[in-house]
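Shown next, in structure tokens, is the structure this report addresses.
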4 protein chains.
Amino acid sequence: MRKVEQIFQGAVDIFAEKGFDRATMDEVAERSGVAKGTLYYHFDGKEDLIAFLMEEGLERLSKYVHEAVAGCDDPAEQLRRAIYGLVRFFDQNRDFCQMLLMGVWFNRERQVQFRQILRNFYSQLAAIIQAGMERGQLRPMPAELSATGLFGLISVISLRVILDGDAMDCEQLGNFIFQQYLNGARICGEKETSL
Amino acid sequence: MRKVEQIFQGAVDIFAEKGFDRATMDEVAERSGVAKGTLYYHFDGKEDLIAFLMEEGLERLSKYVHEAVAGCDDPAEQLRRAIYGLVRFFDQNRDFCQMLLMGVWFNRERQVQFRQILRNFYSQLAAIIQAGMERGQLRPMPAELSATGLFGLISVISLRVILDGDAMDCEQLGNFIFQQYLNGARICGEKETSL
Amino acid sequence: MRKVEQIFQGAVDIFAEKGFDRATMDEVAERSGVAKGTLYYHFDGKEDLIAFLMEEGLERLSKYVHEAVAGCDDPAEQLRRAIYGLVRFFDQNRDFCQMLLMGVWFNRERQVQFRQILRNFYSQLAAIIQAGMERGQLRPMPAELSATGLFGLISVISLRVILDGDAMDCEQLGNFIFQQYLNGARICGEKETSL
Amino acid sequence: MRKVEQIFQGAVDIFAEKGFDRATMDEVAERSGVAKGTLYYHFDGKEDLIAFLMEEGLERLSKYVHEAVAGCDDPAEQLRRAIYGLVRFFDQNRDFCQMLLMGVWFNRERQVQFRQILRNFYSQLAAIIQAGMERGQLRPMPAELSATGLFGLISVISLRVILDGDAMDCEQLGNFIFQQYLNGARICGEKETSL
DNA sequence: GATGAATGAGGTTTCATTCAT
DNA sequence: GATGAATGAAACCTCATTCAT
């Protein structure tokens with residue numbers, strides 16, 4: 001499966017650069033260092049390749065976050081680690097993340113499949129949030145919705161940094177997002193119900 | 001031009017459904033109820049049409065938020081109105097918003113153009129946040145970054161609701177997002193520095 | 001529909017020469033004197049084009065035979081005229097007929113469609129044979145089966161002549177086939193039941 | 001070779017189903033139950049495989065008819081046996097016969113080769129017909145042409161029955177064809193020159 | 001003898017764009 | 001202003017063949 005890994009790398013690379021539709025299979029092959037026929041030997045076609053990348057990539061992301069969180073019992077700390085982990089993963093896999101985030105918004109043709117995959121990932125976050133509420137650390141709220149919002153917060157900020165080509169200070173960015181998500185923008189001591 | 005408005009509606013509709021690259025000019029023409037030649041009579045080509053849609057649409061969005069915020073002097077209240085306005089706009093212009101969010105992260109060729117347009121919009125939010133900090137309502141933080149995060153929060157949640165095809169309760173969703181952004185997920189009274 | 005007629009001629013020409021599968025759409029376009037895109041503007045694809053040729057061609061053949069037979073009330077004479085007409089049509093439309101006969105034997109994928117078209121043609125012959133039996137000119141026998149056999153007789157002989165590149169003497173060949181079909185190979189006066 | 005026989009069976013099967021050009025070597029391998037490389041180990045390529053099938057198959061056909069006719073001295077009876085034998089062979093080797101008949105009329109590249117093979121077979125029939133004429137059993141006529149017509153009669157009827165998927169009553173069908181060929185369609189006692 | 005991953009020439013099809021009407 | 005038949009560059013995909021194992 002040497003070639004499959006080559007294809008994974010090359011495809012992620014070119015898809016992030018040009019988008020799923022504008023990158024051609026010729027380009028994928030060239031970037032991967034395999035012949036065009038090899039792509040079709042291992043995958044049923046372009047759509048199948050894209051689906052594989054999304055699944056494989058999100059699996060890696062899930063695993064990464066899972067490991068970051070593992071061995072910690074406190075939901076709030078888990079949340080912190082998950083956020084830091086995500087930011088680091090985004091930083092280290094810029095191409096994949098850019099590709100992933102392009103997939104998120106996908107059109108109705110491809111949406112069903114991708115959003116299902118993504119939903120599995122949301123659930124990971126939602127489970128932590130749920131636990132936080134049960135421990136009395138987080139306010140009662142719809143955990144799925146909050147997880148979705150958290151993912152939006154992280155990904156849009158990270159993608160902006162990626163697209164601007166900045167070298168991301170993961171520590172700083174992770175902290176900012178964590179504070180933003182947990183404590184909000186309100187100033188300390190301001191009454192919550194003030195508005 | 002009667003036809004131009006027809007094209008705007010039809011193009012937004014089909015682009016939201018299939019994406020910029022997968023929707024063909026034939027489909028745009030058919031959905032718009034005009035002949036294909038007519039598209040080229042009014043626009044220089046596909047890219048020109050897309051640029052027109054983005055500019056025109058973002059102008060409408062900016063104007064919508066601007067009017068929602070107008071006549072209010074309190075930054076926190078402005079923020080609330082901006083968020084509610086955005087959610088309502090998403091709800092009322094689902095096709096356009098889906099198209100917008102797909103377009104923003106698109107391939108690097110179109111990115112520069114679109115992200116510049118979007119950045120103008122971020123600035124609107126950032127200005128409000130900046131004012132909030134100066135009034136002592138919001139914590140000191142990078143306003144641009146926070147505005148970006150807020151936009152991610154709003155758009156990812158809204159898009160999820162749109163794609164799920166749910167009838168969105170704007171009031172409720174707007175409130176959730178506003179609370180999330182302003183107060184965070186932490187439970188009332190929990191010490192900020194507890195983690 | 002100038003171009004469609006051009007395509008009909010060119011496609012029949014090249015398909016007869018190289019076969020349906022080995023003739024490329026490029027070659028069809030070139031032989032027809034139209035651009036490749038034009039083929040796809042008028043037809044949904046190669047299969048659709050082939051189906052059109054078969055239908056259109058068999059319709060012309062049916063019409064030709066119909067006219068040859070028209071204005072004659074005697075079944076035996078109709079049969080004679082039909083056979084002579086078929087032979088003449090084969091002679092004058094060698095390309096189409098070669099293509100047609102290739103289609104007859106087609107594989108199971110394409111067979112259903114083609115054989116239905118061909119069956120319509122068999123019925124024309126069967127109707128004449130049926131009438132001949134009712135008039136007491138022909139022996140009682142399954143008309144459809146006999147029509148199928150007659151078609152086989154005519155087409156295989158004609159195709160052999162075509163493929164050999166012989167200039168066909170229609171008069172002579174028509175007479176041979178007519179005698180063969182009507183009187184058989186047995187010598188005059190030989191007892192039928194002798195074997 | 002065990003494998004070669006496997007390939008013969010599998011190849012005939014898939015070629016009859018999809019045609020020579022549309023059946024792929026992958027499909028041949030799969031249907032045969034051997035690896036693709038094995039095909040190329042035993043044959044020089046696709047064309048070589050097809051040529052082998054045709055030669056091998058026609059040899060079997062010739063032999064089958066030869067044996068059916070053997071030990072009989074009367075041309076008319078030989079003809080009857082040849083026809084019955086052919087019908088039975090068609091019935092028992094449907095796939096091969098369908099493949100054979102498709103191949104014969106194929107593109108001009110392969111035509112020359114195949115038609116030469118087929119012509120050898122025609123000669124078998126023509127020899128019998130010739131003998132029949134010399135014995136005074138059959139009318140004087142071009143033997144080759146009549147053999148070609150007889151082959152058309154048999155094959156088109158048989159193929160129709162095969163393709164319709166009917167269980168063929170060989171006895172009945174053989175008799176019908178024999179009568180048709182020998183006595184023609186004309187009613188008993190009708191004057192030959194009546195038309 | 002037998003295998004199947006890998007190849008790339010060449011096929012089918014798509015679609016943005018043009019232009020005569 | 002508006003149209004849609006026509007175009008061809010460029011995309012996706014197929015498949016006979018090779019070759020290291």
Original post:
Taking NZ, NE, NH1 and NH2 as the nitrogens, is one of them in B:Glu47 or A:Arg22 under 4.0 Å from a carboxylate oxygen of the other?
Top reply: yes
Original post:
What is the distance from NE2 of C:His42 to P of E:dT13, rounded to the nearest Å?
Top reply: 16 Å
Original post:
What distance, rounded to whole Å, do you find between the two C1' atoms, one in F:dT21 and one in E:dG1?
Top reply: 13 Å
Original post:
So what stems show up for DNA chain F if we need 3 or more Watson-Crick or G-U pairs in a row, all under 3.5 Å?
Top reply: E:2-21 with F:2-21
Original post:
For D:Arg22 and E:dG11, what is the distance between atoms CZ and C1' respectively, to the nearest whole Å?
Top reply: 12 Å
Original post:
Taking only N and O in the side chain of C:Tyr40, is any of them less than 4.0 Å away from OP1 or OP2 of E:dT14?
Top reply: no
Original post:
Considering residues at least two apart in sequence or located in another chain, which fulfil the side-chain contact (heavy atoms from CB on, under 4.5 Å) criterion with C:Glu30?
Top reply: none
Subject >> Contacts of type side-chain contact (heavy atoms from CB on, under 4.5 Å), residue D:Gln9, not counting sequence neighbours >> reply: D:Glu5
Original post:
In whole Å, what is the span from the CD1 atom of D:Ile14 to the C1' atom of F:dC15?
Top reply: 14 Å
**OP:** Using the test side-chain contact (heavy atoms from CB on, under 4.5 Å), find all partners of C:Gln92 that sit at least two apart in sequence or belong to another chain.
**Re:** C:Tyr64, C:Arg88
Original post:
How many angstroms lie between CZ in A:Phe20 and CG in B:Asp21, if you round to the nearest 0.5 Å?
Top reply: 12.0 Å
Subject >> Minimum-distance nucleotide (side-chain atoms of C:Met25 versus E:dA2, F:dA16, E:dT13) >> reply: E:dT13
Please enumerate all protein N or O atoms sitting under 3.5 Å from an N or O of nucleotides 8-10 of chain E, with distances to 0.1 Å.
from	atom 1	to	atom 2	distance (Å)
E:dG8	N7	A:Gly37	N	3.2
E:dG10	O6	A:Lys36	NZ	3.2

Original post:
Rounded to whole angstrom units, what separation is found between the CG atom of C:Leu49 and the P atom of E:dT13?
Top reply: 10 Å
Original post:
Does B:Glu56 come within less than 4.0 Å of B:Arg60, counting only side-chain N to carboxylate O?
Top reply: yes
Subject >> Residues in side-chain contact (heavy atoms from CB on, under 4.5 Å) contact with B:Asp26, at least two apart in sequence or another chain >> reply: B:Thr24, B:Lys36
Subject >> Plane angle bin for A:Phe52 and A:Phe43 - parallel if under 30°, tilted between 30 and 60°, otherwise perpendicular >> reply: tilted
Original post:
What are the two closest heavy atoms between C:Phe96 and C:Leu53, and how far apart are they?
Top reply: CE1-O, 3.8 Å
Subject >> C:Arg2 CZ - E:dA20 C1' separation (whole Å) >> reply: 18 Å
**OP:** Using atom CG of B:Asp48 as one end and atom P of E:dA16 as the other, report the distance to the nearest whole Å.
**Re:** 14 Å
Original post:
Given that C:Leu39 and A:Lys46 both sit by DNA chain F, which one's nearest nucleotide is further toward the 5' end?
Top reply: C:Leu39
Subject >> Distance in angstrom units between A:Glu27 CD and F:dA10 C1', rounded >> reply: 11 Å
Original post:
Between E:dA6, E:dA2, F:dA2, which nucleotide gets closest to the side-chain atoms of B:Tyr41?
Top reply: F:dA2
Original post:
For C:Val34, does its backbone N or O pair with a side-chain atom of C:Thr38 as donor and acceptor, under 3.5 Å?
Top reply: no
Subject >> Any D:Lys3 side-chain N or O less than 4.0 Å from OP1/OP2 of E:dT3 >> reply: yes
**OP:** Round to the nearest Å and state the distance from D:Ile50 atom CD1 to F:dC15 atom P.
**Re:** 14 Å
**OP:** Using the closest heavy atom to pick a nucleotide of DNA chain F for each, name whichever of C:Gly33 or A:Asp26 lands nearer the 5' end.
**Re:** C:Gly33
